[in-house]
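Step one of this worksheet: look at the structure below.
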Amino acid sequence: MCGEYIKVHILDVPYHADCEYTYYVPFDFRHSIDRGTMVVVPFGRANRHKGAIVNDINVAHIDENSSLIKPIASVLSSYLKLSSEMLELCIFLKSRTLCTVGEAVKSIIPSAIMTKTRERYFANQVEKSLNPQEKEIYEYVLSNEGATDKKIYDKFQNAELYLSRLIRLGAIKKETYIKEEDKSKYETRATLAV
């Protein structure tokens, strides 16, 4: 069980930005995070969602700027979790080879190279009134039993603005997951039946 704050390494950053970043852990995620867990975090001024690996938990953080620390967005599948030994190896590789922790992680988990984080939205019961644009997006998500961020952004203008309001109202919820691209090659063969 982890405390309120964790330190992570972002997986996809250049070497000069590869350091530990502190994030707040919302209560719902506190039982599913351990050292080596992969998480999705908002990063930079644009708060773009990026994959990260937890390096330290139960971080005692007492700071007057703690209100500026961002919460993690989600916890990724446990099959991508690194053991403590594997994580130590990644940090060792960074110090010896001048690679980033993310590059070291990708060399240990090759499938992580081809993974991308995606967001999917699901409808909740709504009790508050929605404006016409919000209602249209809500009904689209409801009728499709969930919709990806890409589908919503392609179909609706200013979707990001309306989605954030719908989430605040509790009308929809957002889940972040990893989509793995299948790079396998298949060959179809036919044989004679004797």
Side-chain angles (χ1 to χ4, degrees), residues 1-109 111-113 115-122 124 149 160 163-170 172-180:
M1 182 170 146
C2 80
E4 284 191 306
Y5 297 96
I6 57 173
K7 288 192 180 284
V8 303
H9 280 278
I10 309 297
L11 296 179
D12 187 22
V13 290
Y15 187 82
H16 69 273
D18 186 24
C19 58
E20 286 187 329
Y21 295 92
T22 303
Y23 282 87
Y24 173 73
V25 182
F27 183 77
D28 292 346
F29 297 132
R30 290 188 186 166
H31 296 284
S32 55
I33 291 183
D34 202 354
R35 189 166 191 249
T37 302
M38 301 277 194
V39 294
V40 175
V41 297
F43 185 70
R45 288 184 182 164
N47 287 326
R48 295 192 64 175
H49 281 188
K50 289 195 173 268
I53 187 159
V54 177
N55 189 40
D56 197 5
I57 58 173
N58 294 323
V59 176
H61 190 91
I62 302 168
D63 190 344
E64 66 274 1
N65 292 327
S66 61
S67 61
L68 301 175
I69 294 176
K70 302 170 188 175
I72 65 170
S74 66
V75 178
L76 299 179
S77 175
S78 60
Y79 78 91
L80 287 173
K81 182 179 173 182
L82 294 185
S83 67
S84 262
E85 293 81 13
M86 292 169 79
L87 185 55
E88 288 299 329
L89 176 61
C90 293
I91 293 166
F92 172 79
L93 286 172
K94 174 188 162 128
S95 68
R96 287 298 178 99
T97 64
L98 300 178
C99 70
T100 65
V101 171
E103 289 165 340
V105 168
K106 289 173 185 177
S107 69
I108 289 176
I109 306 177
S111 63
I113 298 170
T115 59
K116 295 182 178 180
T117 57
R118 292 281 187 262
E119 292 170 351
R120 191 167 183 84
Y121 296 89
F122 296 93
N124 292 325
D149 53 346
E160 195 167 356
L163 281 172
S164 61
R165 181 160 148 61
L166 286 165
I167 290 168
R168 279 197 311 275
L169 291 172
I172 61 172
K173 66 178 179 178
K174 175 173 71 172
E175 290 183 5
T176 307
Y177 65 98
I178 285 185
K179 178 186 177 185
E180 293 197 41

**OP:** Begin with the C-alpha distance, continue with both residues' side-chain angles, and end with the deciding distance and a verdict on side-chain contact (heavy atoms from CB on, under 4.5 Å) for Asn47 and Lys70.
**Re:** CA-CA 9 Å; Asn47 287 326; Lys70 302 170 188 175; 2.8 Å; yes

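- No donor-acceptor pair under 3.5 Å is formed between the side chain of Lys7 and the backbone N or O of Cys19.
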**OP:** Go through the steps for Met38 and Lys81 under the test side-chain contact (heavy atoms from CB on, under 4.5 Å), then give the verdict.
**Re:** CA-CA 6 Å; Met38 301 277 194; Lys81 182 179 173 182; 5.9 Å; no

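- Shown here are the side-chain contact (heavy atoms from CB on, under 4.5 Å) partners of Glu88, two or more places apart in sequence or in another chain: Arg35.
- Taking the side chain as every heavy atom from C-beta outward, Thr37 and Ile53 never approach each other to under 4.5 Å.
- Pairs of residues two or more places apart, or lying in two chains, that qualify as salt bridge (Lys or Arg N to Asp or Glu O under 4.0 Å) and include a residue from residues 90-104 are Asp18-Lys94.
- In this view, Tyr21 and Phe43 satisfy the ring pair (Phe, Tyr, Trp, His ring centres under 6.0 Å) rule, not counting sequence neighbours.
- Within the 4.5 Å cutoff, side-chain heavy atoms of Val8 are placed close to those of Tyr23.
- Residues meeting the side-chain contact (heavy atoms from CB on, under 4.5 Å) test with Pro26, sequence neighbours left out: Tyr24, Phe29, Pro71, Ile72.
- Using a 4.0 Å cut-off between a side-chain N of Lys or Arg and a carboxylate O of Asp or Glu, Asp149 and Arg120 do not qualify as a salt bridge.
- In this structure, the salt bridge (charged side-chain N to carboxylate O under 4.0 Å, His left out) partners of Arg165, at least two apart in sequence or on a different chain, are Glu134.
- In this structure, the side chains of Val39 and Ile33 come closer than 4.5 Å at one or more pairs of heavy atoms.
- Between Ile6 and Asp56, every side-chain heavy-atom pair lies at or beyond the 4.5 Å cut-off.
- For Asp12, the side-chain hydrogen bond (donor to acceptor under 3.5 Å, both in side chains) criterion is met by no residue, not counting sequence neighbours.
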